[in-house]
Number of protein chains: 2
Amino acid sequence: MGTSERKAKEKEEIKTLILNAAKKLFVKKGIDQVTIRKIAEEIEYSVGTVYVYFRDKNDILHELHTQGFGHLGGAMRILNNVSDPMERLKALGRVYLQFAMDNPDMYDLMFNMKAPMDFLESMHKEEWNEGKATFDVLLKNVAQCIQKGHFEGHQLEPLSFVIWSTVHGMCSLHISQRVKGVNLENPDSMMGKAYEEFVTLIDKK
Amino acid sequence: MGTSERKAKEKEEIKTLILNAAKKLFVKKGIDQVTIRKIAEEIEYSVGTVYVYFRDKNDILHELHTQGFGHLGGAMRILNNVSDPMERLKALGRVYLQFAMDNPDMYDLMFNMKAPMDFLESMHKEEWNEGKATFDVLLKNVAQCIQKGHFEGHQLEPLSFVIWSTVHGMCSLHISQRVKGVNLENPDSMMGKAYEEFVTLIDKK
DNA sequence: AAATATAAATGAACAGTGTTCAATAATCCA
DNA sequence: TGGATTATTGAACACTGTTCATTTATATTT
């Protein structure tokens, strides 16, 4: 029967409609302005309709967070053509940093906010596939570095986590306005300079 | 006139009363349960009274955040008896990490949440004294390490920021449930192991 | 084509949030 | 004691996420 097929497609279309409206509000006005009522108004549907297609707000935010990982993943994939693993690792960090600086709200949603993780828990899924996949790229990259003789005396998993933590920490402190708050000498160039320090650190034999 | 003095003291007492109630709710039930109405109920005053003593909720959360820095500062000060700056630096990180693990909500308020920084901005204070003072402890410590010949080829400020970022990043990812999410081999011992990796990293000549 | 069954959309209602402010109560001082 | 000052109140406002009986629209069957 072709009717149910068409219906399923229409359902997907409205889901996309809602998500696009949510994303539009998110990008243009920030996370605070992403409310169910504003989304409904944007797509010219009623509030109740939103709840027909999404179980709750966390569901919507989780979907947006997944979209964010899509973009970050795409930016990271470009670095596949960098053959030297150590160079690729350094470039990976730069891409990650740039993504966070360019999309602070999205980064916050992906790596800080409770909503996406709360949604997973409410679905009884303890697997955070987006995060796992992204971390896996880093993990495999570090593994190749170790194979080439770098990071002697280090353990793969904890080391990868520390590297992630370092770059994430920089992004997080920047986005939460804490970098600005400590009044460093040169706030604008600080992120770049700091990343250079990080590179120097991991380059040591 | 002694009456106005007493009045000023009484005002301070009620401010403390409100803050203690806020902290009680914060520690016991988490940040979501810190509402003006719950605070008012706790101290058996009306909602309006809270707004006589605090300009808004951000004001209260900023005060709590300052208390948190008091505790963290106290824990850090204990390490003054460690003479070797490099050893002190490593211990500093451990104290910082422990504080975050023991008081995740408070850490979140101090280093992640918008409320305290929004309050500063609303008061037209661009100085984040609590953060500056804490970062200064790290900065001075790293300076001593450099003086002793460590961290050759590094710049003091960016390096200190990277060190802060690394430990903060670990705390942040842990608190936001992202560490749990990536499903590492040994989630419980990960934080400790990762910090060991960090120590190994900064110990390299 | 009409009647029935299914699915989709609605929006008022509920319980909660931070914040304000005219009205009330309490205190102080002359 | 009476007037001025200060403290306290709580209803009201504009929001928030979420639910659900009711209505509208579509699809299927007679």
Side-chain angles (χ1 to χ4, degrees), chain A residues 1-19 21-22 25-26 29-64 109 113-119 121-123, chain B residues 1-19 21-22 25-26 29-64 109 113-119 121-123:
Chain A
M1 41 181 86
T3 31
S4 67
E5 247 179 73
R6 180 178 52 79
K7 278 212 166 185
K9 221 166 215 172
E10 276 177 7
K11 267 201 136 184
E12 273 310 310
E13 268 170 33
I14 296 192
K15 275 198 94 167
T16 310
L17 204 67
I18 293 170
L19 285 176
L25 286 165
F26 182 62
K29 317 236 183 181
I31 189 76
D32 293 343
Q33 291 301 306
V34 182
T35 69
I36 305 296
R37 280 173 183 80
K38 294 246 171 72
I39 291 171
E41 195 184 351
E42 182 80 26
I43 63 176
E44 289 179 302
Y45 273 81
S46 74
V47 174
T49 304
V50 178
Y51 283 88
V52 173
Y53 295 91
F54 293 92
R55 65 153 40 194
D56 54 23
K57 195 180 174 182
N58 283 346
D59 192 356
I60 296 172
L61 293 179
H62 174 266
E63 285 289 328
L64 288 186
L109 177 61
M113 285 181 58
K114 296 186 65 181
M117 308 313 270
D118 282 353
F119 174 72
E121 205 175 324
S122 76
M123 297 284 279
Chain B
M1 40 182 85
T3 29
S4 67
E5 247 180 73
R6 180 177 54 78
K7 278 212 167 187
K9 221 165 213 174
E10 275 177 8
K11 266 200 136 183
E12 273 310 310
E13 268 171 33
I14 296 193
K15 276 197 94 167
T16 310
L17 204 67
I18 292 170
L19 285 177
L25 286 165
F26 182 62
K29 317 235 184 183
I31 188 77
D32 293 343
Q33 291 301 308
V34 182
T35 70
I36 306 295
R37 279 173 183 80
K38 293 247 172 71
I39 292 171
E41 195 186 349
E42 181 80 28
I43 62 175
E44 289 179 301
Y45 273 81
S46 74
V47 173
T49 305
V50 177
Y51 282 89
V52 174
Y53 295 91
F54 293 92
R55 65 153 40 195
D56 54 22
K57 195 180 173 182
N58 283 346
D59 192 355
I60 296 172
L61 292 180
H62 174 265
E63 286 288 331
L64 287 187
L109 177 61
M113 284 183 59
K114 295 186 65 181
M117 308 313 269
D118 283 354
F119 174 73
E121 206 175 324
S122 77
M123 297 283 280

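Order of the sequence lines fixes the chain letters, A, B, ..., with proteins taken first and strands second; residue numbering starts at 1 for each chain.
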**Asked** Which whole-number value in Å describes the distance from B:I14 CD1 to C:dT27 P?
**Response** 11 Å
**Request:** Identify the heavy atoms of B:A115 and B:L61 that sit nearest to each other, and give their distance.
**Result:** CB-CD1, 3.6 Å
**Prompt:** When the distance from CD1 of B:I60 to P of C:dT17 is rounded to whole Å, what number comes out?
**Reply:** 14 Å
**Prompt:** Please give, in whole Å, the distance from D:dA25 C1' to A:E10 CD?
**Reply:** 12 Å
**Rounded interatomic separation in angstrom, taking NZ from A:K15 and P from C:dA8** = 13 Å
**Request:** Given side-chain contact (heavy atoms from CB on, under 4.5 Å), test A:Y53 with A:L17 step by step and report yes or no.
**Result:** CA-CA 10 Å; A:Y53 295 91; A:L17 204 67; over 6 Å; no
**Request:** Using whole Å, report how far CD1 of A:I18 lies from C1' of C:dT10.
**Result:** 14 Å
**Request:** Verify side-chain contact (heavy atoms from CB on, under 4.5 Å) between A:I18 and A:Y45, making sure each step is shown before the conclusion.
**Result:** CA-CA 9 Å; A:I18 293 170; A:Y45 273 81; over 6 Å; no
**Item:** A:E44 CD: over 12 foreign heavy atoms closer than 6.0 Å
**Value:** no
**Asked** More than 12 heavy atoms of other residues, nucleotides or ligands under 6.0 Å from CD of B:E121: is that the case?
**Response** no
**Asked** OH of A:Y53 versus P of C:dA7: gap in Å, rounded?
**Response** 13 Å
**Item:** Interatomic distance where OH belongs to B:Y45 and P belongs to D:dT6 [whole Å]
**Value:** 18 Å
**Request:** Using a 4.0 Å heavy-atom cut-off, write out nucleotides 10-24 of chain D from 5' to 3' as B (base contacted by protein), S (sugar-phosphate only) or - (no contact).
**Result:** B-B---BBBB-----
**Asked** Is B:K114 atom NZ crowded by more than 12 heavy atoms from other residues, nucleotides or ligands, each under 6.0 Å away?
**Response** no
**Fill in**
note: B:L61, atom CG; C:dT17, atom P; distance rounded to Å ~ 14 Å
